[in-house]
Amino acid sequence: MSGPNTNYDPVQVTPLDADHVEAMVADALEAIGSVTTTAELKTVRIAHTGDRSPLALAYREIGALPPHARKDAGQRLGQARARLNQAVAERQEVLAAAELEARLVEETVDVTLPVELAPRGAVHPITAMMDMMSDVFLALGWEVAEGPELEAEWLNFDALNTGPDHPARGLTDTLFVEPTENHTLMRTQTSPVQARALLSRDLPLYVVCPGKVYRADEYDATHLPVFHQLEGLVVDKGISMAHLKGSLDHLARALFGDDVETRLRPHFFPFTEPSAEIDLLCFVCHGTSVGDPDHPCRTCRSEGWIEWGGCGVVNPRVLAAAGIDTDVYSGFAFGMGIDRTVMFRNAATDLRDFVEGDVRFSRSLKGGAR
Ligand code: DAH
């Protein structure tokens, strides 16, 4: 900044000269008019009105003028600054509006465009059935128990009164796991969970156990080497076969509807006495194929009934093996195939469909998708 100078004519101070100020303004207005973005405008605004702009420098010269000349120069610069500020503001408005418009266009989402949804898959029908069957019993206040699939031979057989000579122990049925001296196997039934529940839980006992079981079976339309069972076990005071029948009928009605028909057919299981198999009236011929050779039924082989599972009153020897007083307590147990239950409920005919992983099969079954 120059020092005070009272002698010279203010028009001689170039930065404050009217033409010079006018040229400065014209220069700035041109720059403001030529920018195309708000970012550029900011640079131009700083260059022409900021602290280091020619305008700011001119302001500094005012102090060097004689007092009588200051007013004029100050007004000239003030007007110049006002014009520039206004030009910047107008340009800012125009550019900001254009930029907003451009962004809106760029970010437009056409909500009517078809989207490609990733396939969601479906709950496997067996999983859905396991849940459905367990829920029936949970609603009655029972608990769900679990056990390992790699099981001790003792729990899978001995604890269930299946002595060493029982045919079920032969290598043909059971997948023993090496080294054989460890006496471990892939459980052939969910019944060992009965033994586990008896040993670990307090009485009275009301449990179901859904799970995988393993047998050295062929893989075909009616057999899988890995399949699923639902085990049930009740131990309480005064339990009889009637409670068993009532519970199984309740399950059958919950799954198949009120008009389902069941029957208990005497059978043998080492861990129940008396034992029975529970059959369902054939869901295809409803028993009409019996004694009618002209209309045979492939589903029940014209027997009218289809085997669903095994059951019985718990053999007191099983209870005693778990240290339970058989004078006070008695129980019932049952075990049925979950895979077969899905087949009955949905009239599926080939068990292999359950394991071949085609989601269309899962989707096609009632209760398969949630
Ligand atoms: N575990 C038997 C099987 O795999 C089914 C069974 C029969 C389970 C009678 C039971 C029962 O709990 O009491 O064939």
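All ligand and atom numbering here is 1-based and tracks the order in the structure.
- Residue contact check for ligand 1: Gly309 places no non-hydrogen atom closer than 4.0 Å to it.
- Using a 4.5 Å cut-off between side-chain heavy atoms of Ile, Leu, Val, Met, Phe, Trp and Tyr, with links allowed through other members, Val193 and Leu198 fall into different hydrophobic clusters.
- Side-chain contact between Leu205 and Tyr329 is absent, with no heavy atoms from C-beta onward closer than 4.5 Å.
- Only the backbone of Cys311 comes within 4.0 Å of ligand 1, judged by heavy-atom distances.
- Taking a cut-off of under 4.0 Å to the non-hydrogen atoms of Thr272, the atoms of ligand 1 that pass are 13 (O).
- Nearest protein heavy-atom neighbour of atom 1 (N) of ligand 1: Gln189 OE1, 2.7 Å.
- Scanning the protein for heavy atoms near atom 12 (O) of ligand 1, the closest one is Glu231 OE2, 2.6 Å.
- Summarising the contacts of atom 14 (O) of ligand 1 with His267, Glu277, Arg215, Met336, the nearest heavy atom is found in Arg215.
- Two residues are said to be in side-chain contact when any heavy atoms from C-beta on lie closer than 4.5 Å; Leu230 and Ile338 meet this criterion.
- Checked by atom type, the side-chain pair Glu90/Gln86 shows a donor-acceptor distance below 3.5 Å.
- Residue-level proximity to ligand 1 for Phe334 is carried by the backbone, the only part with a heavy atom below 4.0 angstrom.
- Close approach to Ser191 involves these atoms of ligand 1, each under 4.0 Å from a residue heavy atom: 1 (N), 8 (C).
- Scanning the protein for heavy atoms near atom 11 (C) of ligand 1, the closest one is Phe271 CE1, 3.4 Å.
- The closest approach between Gln194 and ligand 1 falls below 4.0 Å for a heavy atom of the residue.
- For atom 3 (C) of ligand 1, the choice among Gln229, Glu307, Glu273 with the nearest heavy atom turns out to be Gln229.
- Ring to ring, Phe137 and Phe334 are close: their centroids are under 6.0 angstrom apart.
- Of the N and O atoms on the side chains of Thr184 and Asn182, not one donor lies less than 3.5 Å from an acceptor on the other residue.
- The option from Gly310, Gly337, Gly312 that lies nearest to atom 6 (C) of ligand 1, judged by heavy atoms, is Gly310.
- Side-chain atoms of Asp249 and Thr262 form a donor-acceptor pair, as typed in the model, at a separation below 3.5 Å.
- Here the heavy atom of the protein found nearest to atom 5 (C) of ligand 1 is Gly335 O, 3.8 Å.
- On a distance-only criterion, Thr188 and ligand 1 share no N/O pair closer than 3.5 Å.
- A ring-centre distance under 6.0 Å is found for Phe354 and Phe361.
- Among the atoms of Ala333, some N or O lies under 3.5 angstrom from an N or O of ligand 1.
- Between the side chains of Glu149 and Tyr214, at least one donor-acceptor pair of N or O atoms lies under 3.5 Å.
- No side-chain donor-acceptor contact under 3.5 Å links Gln229 and Gln189.
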